[in-house]
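Notes to accompany the following structure.
Residue numbers start from 1 in every chain, and the chains themselves are labelled A, B, ... in the order their sequence lines are given, proteins ahead of strands.
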Protein chains: 2
Amino acid sequence: MTVSRVLRNRGDVSDATRLKVTEAAKRLGYVPNKIAGALASQRVNLVAVIIPSLSNMVFPEVLTSINEVLDETPLQPVFGVTNYQPEKEESVLFEMLSWRPSGVIIAGLEHTDAARAMMRNADVPIVEIMDLDGDPIDAIVGVSQRRAGREMAEAIIKAGYREIGFMGTNMPLDHRARKRFEGFSEALADAGIEISDQEFYSGGSALVKGREMTEAILKRSPDLDFLYYSNDMIGAGGLLYCLANGIDVPGQVGLAGFNGVELLNGLPKQLATMDAERHKIGRAAAEIIAARSRGEDAPQRVELTPKLQFGDTLIRS
Amino acid sequence: MTVSRVLRNRGDVSDATRLKVTEAAKRLGYVPNKIAGALASQRVNLVAVIIPSLSNMVFPEVLTSINEVLDETPLQPVFGVTNYQPEKEESVLFEMLSWRPSGVIIAGLEHTDAARAMMRNADVPIVEIMDLDGDPIDAIVGVSQRRAGREMAEAIIKAGYREIGFMGTNMPLDHRARKRFEGFSEALADAGIEISDQEFYSGGSALVKGREMTEAILKRSPDLDFLYYSNDMIGAGGLLYCLANGIDVPGQVGLAGFNGVELLNGLPKQLATMDAERHKIGRAAAEIIAARSRGEDAPQRVELTPKLQFGDTLIRS
DNA sequence: ATGAAAGCGCTAACAC
DNA sequence: GTGTTAGCGCTTTCAT
């Protein structure tokens with residue numbers, strides 16, 4: 001009836017009745033039932049956002065920018081966390097799609113067959129984010145992780161380092177870290193170099209692990225002249241270890257991480273890194289969903305290019 | 001009809017038909033419409049989780065533990081972010097309540113009147129988290145921020161420090177930081193001490209801000225013998241500044257932060273801090289919602305007590 | 001063990 | 001400018 005019109009600012013309603021209705025609504029503390037509304041209108045203003053982890057720091061930042069963009073639209077983000085488990089991703093996705101959201105933003109390109117099928121059948125915009133190396137279901141925005149790895153390797157070689165150690169997470173399901181590593185190794189191989197030593201960790205405080213791994217790898221392989229870390233947090237740990245132990249950085253040992261986290265700016269020396277552009281990724285993804293839900297069209301592919309920041313730990317050649 | 005029964009594992013259905021249905025469902029990539037289901041059953045497995053910020057590090061951790069607990073139930077968390085703005089909180093709450101969630105977990109005790117009214121009328125379990133100093137709407141779990149501030153002040157005084165500087169965020173709407181500061185000042189006042197100097201910041205990288213503020217305050221007030229930071233990130237920045245500038249910690253200047261963030265373990269020295277128990281808070285809150293949604297009863301108030309960690313920057317007296 | 005029918009609280013389309 | 005009506009896709013209840 002008229003009430004519905006008022007509450008949604010639709011159609012022609014006289015000011016008098018409009019006033020009466022809004023007033024009554026406020027007085028009764030009325031909160032509309034979107035469930036019924038959504039069922040009737042077949043429209044839901046929710047956007048499903050699915051990420052692997054909240055403890056990674058990177059993802060909260062992506063969420064923040066998604067939030068920023070959607071704040072200016074009628075859309076509402078709804079987050080789900082998969083803990084890097086494909087089956088969990090599948091179930092979270094199932095759960096979310098069953099609410100018929102206006103769009104899906106999901107990290108990565110690797111999904112179970114069932115998950116992929118669900119998304120293809122869902123008939124809503126799907127944006128896969130972060131990674132670019134693979135076949136998207138629908139839209140995609142991110143950086144080529146493989147290329148990021150390559151470029152870092154090339155810069156390291158160019159700077160004259162030859163005995164290179166790698167440290168990273170021991171998570172077979174972190175496909176982005178894996179692809180960076182692959183790109184990195186490939187580029188080294190192209191230059192006839194092999195990784196001299198490596199060290200993996202899982203769980204625990206990344207900063208502490210970075211210290212520990214760095215100590216271990218340098219004790220085991222004292223000839224190393226460069227350490228590449230798969231993320232900035234362990235890189236920062238390594239940097240702090242080197243500084244505390246009088247190791248000359250970048251003279252004796254060069255260091256680099258990945259992500260460009262804000263934290264690095266506060267350290268005594270700037271760790272070399274590559275900005276993963278996660279704010280831009282979040283914005284672009286949200287903008288695609290917003291545009292599509294307005295019926296406008298939007299890019300199918302947004303490629304961002306991570307920029308190498310030399311900082312103070314990688315000799316600029 | 002029967003299909004519905006199968007899909008929900010309810011009632012008596014013959015194995016034959018059950019099989020037929022599940023198979024067809026899988027083949028068609030069927031995803032049930034929870035909107036219709038929720039409307040019919042008047043039950044929704046969503047739990048609204050409302051927090052001020054994602055960049056604060058503290059909140060992702062709370063979310064993580066909420067997630068952990070709800071993972072073992074049919075409930076699904078749904079996050080909303082308020083950016084510390086009461087009106088935004090109100091609108092997020094409105095939006096979420098309009099989906100008739102099974103419960104609400106919301107940070108803090110300060111809300112607009114309208115928000116408070118909505119929650120009171122919502123007829124679902126409401127758990128206010130983090131803070132304990134105020135009147136809860138329904139259930140509450142957290143630590144007394146005021147007391148946390150007091151205890152830190154008392155420890156500092158006991159350790160013999162007298163010229164105390166304070167650094168914190170310039171956010172009038174961060175009520176928890178404010179209450180800690182109030183408790184801190186009160187305890188100092190009880191001992192006849194006043195804060196000698198203070199410095200506030202907003203925005204930017206907390207670690208960098210910590211360095212900068214520490215430099216500024218020490219240049220301005222060289223007599224300070226203790227610096228209390230309203231959070232660990234700026235405290236860590238301050239610590240790094242002191243170490244880099246040959247300031248003897250905790251001999252010449254003592255330092256303390258708040259939160260007990262994991263990051264601190266990786267620093268060259270352990271910053272004194274108080275663990276805000278955010279994992280326990282998340283767990284307890286989620287458990288209350290889970291219990292209540294099962295019809296069991298649950299505690300109305302869970303008081304956690306932050307533990308002082310002296311680390312290496314506060315003389316143990 | 002299965003089917004049929006009512007209705008959850010809205011929106012959309014169409015009268016008046 | 002306002003009221004009426006028929007669903008939206010399920011669950012629930014009641015028959016069979």
Side-chain angles (χ1 to χ4, degrees), chain A residues 1-46 48 74-76 91 93-103 118 121-124 293-295, chain B residues 1-46 48 74-76 78 91 93-102 118 121-124 293-295:
Chain A
M1 52 158 104
T2 319
V3 173
S4 168
R5 277 191 268 259
V6 174
L7 265 17
R8 289 177 302 140
N9 291 312
R10 285 286 184 79
D12 307 309
V13 187
S14 76
D15 282 0
T17 36
R18 154 163 284 127
L19 197 72
K20 258 198 301 201
V21 174
T22 45
E23 190 185 301
K26 189 168 296 173
R27 189 163 36 77
L28 300 172
Y30 172 79
V31 175
N33 186 330
K34 289 228 178 192
I35 301 174
L39 183 58
S41 68
Q42 305 287 44
R43 267 181 291 105
V44 174
N45 68 338
L46 268 21
L75 299 172
Q76 256 260 331
S91 66
L93 195 57
F94 181 82
E95 186 73 22
M96 296 202 148
L97 286 179
S98 72
W99 289 98
R100 303 291 187 266
S102 290
M118 273 191 257
N121 293 332
D123 193 39
V124 295
S293 90
R294 273 187 251 112
Chain B
M1 51 157 105
T2 319
V3 173
S4 168
R5 277 191 269 260
V6 174
L7 265 18
R8 288 177 301 138
N9 291 312
R10 286 285 183 78
D12 308 308
V13 187
S14 75
D15 282 1
T17 36
R18 154 162 286 128
L19 197 71
K20 256 197 303 200
V21 173
T22 44
E23 190 185 301
K26 187 167 299 173
R27 189 163 36 76
L28 299 172
Y30 173 79
V31 176
N33 186 331
K34 288 230 180 193
I35 300 173
L39 183 59
S41 68
Q42 306 285 46
R43 268 180 289 107
V44 174
N45 69 337
L46 267 21
L75 300 172
Q76 256 260 333
V78 166
S91 66
L93 194 57
F94 182 81
E95 187 73 22
M96 296 203 150
L97 287 179
S98 73
W99 288 98
R100 304 291 187 264
S102 290
M118 273 190 255
N121 292 334
D123 192 40
V124 295
S293 91
R294 274 186 250 110

N or O in side chain of [X] less than 4.0 angstrom from [N] OP1/OP2:
X: A:Q42; N: D:dG9; result: yes
X: B:Y30; N: D:dG9; result: no
X: A:S4; N: C:dA12; result: no
X: B:R43; N: D:dC10; result: no

Give the rounded distance in Å between these two atoms: [atom1] of [X] and [atom2] of [N].
X: B:K20; N: C:dA1; atom1: NZ; atom2: C1'; value: 13 Å
X: A:K34; N: D:dG9; atom1: NZ; atom2: C1'; value: 20 Å
X: B:R100; N: C:dC10; atom1: CZ; atom2: C1'; value: 11 Å
X: A:N45; N: C:dT11; atom1: CG; atom2: P; value: 12 Å

Identify which nucleotide among D:dG9, C:dC10, D:dT12 has an atom closest to any side-chain atom of B:S41, counting heavy atoms from C-beta outward.
->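 Closest nucleotide among those given: D:dT12.
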When you get a sec, tell me which of C:dC8, D:dT2, D:dC8 is the closest nucleotide to the side chain of A:L39?
->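 Nearest to the side chain of A:L39 among the choices is D:dC8.
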In a check of side-chain contact (heavy atoms from CB on, under 4.5 Å) between A:W99 and each of B:N33, B:V31, B:L46, which one passes?
->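 By the side-chain contact (heavy atoms from CB on, under 4.5 Å) criterion, A:W99 pairs with just one of B:N33, B:V31, B:L46: B:L46.
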Could you give the distance from OG (B:S91) to CD (A:Q76), rounded to the nearest 0.5 Å?
->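 Reported value, rounded in 0.5 Å steps: 8.0 Å.
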B:P101 side chain reached by B:V78 side chain, heavy atoms, under 4.5 Å |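 Heavy-atom side-chain distance check fails, nothing below 4.5 Å.
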Side chain proximity check, B:E95 to A:N45, heavy atoms < 4.5 angstrom =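 Yes, at least one pair of side-chain atoms sits under 4.5 Å.
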Residue whose closest nucleotide on DNA chain C lies nearer the 5' end, A:N33 versus B:S14 =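 First, find each residue's nearest nucleotide; the 5'-ward one identifies B:S14.
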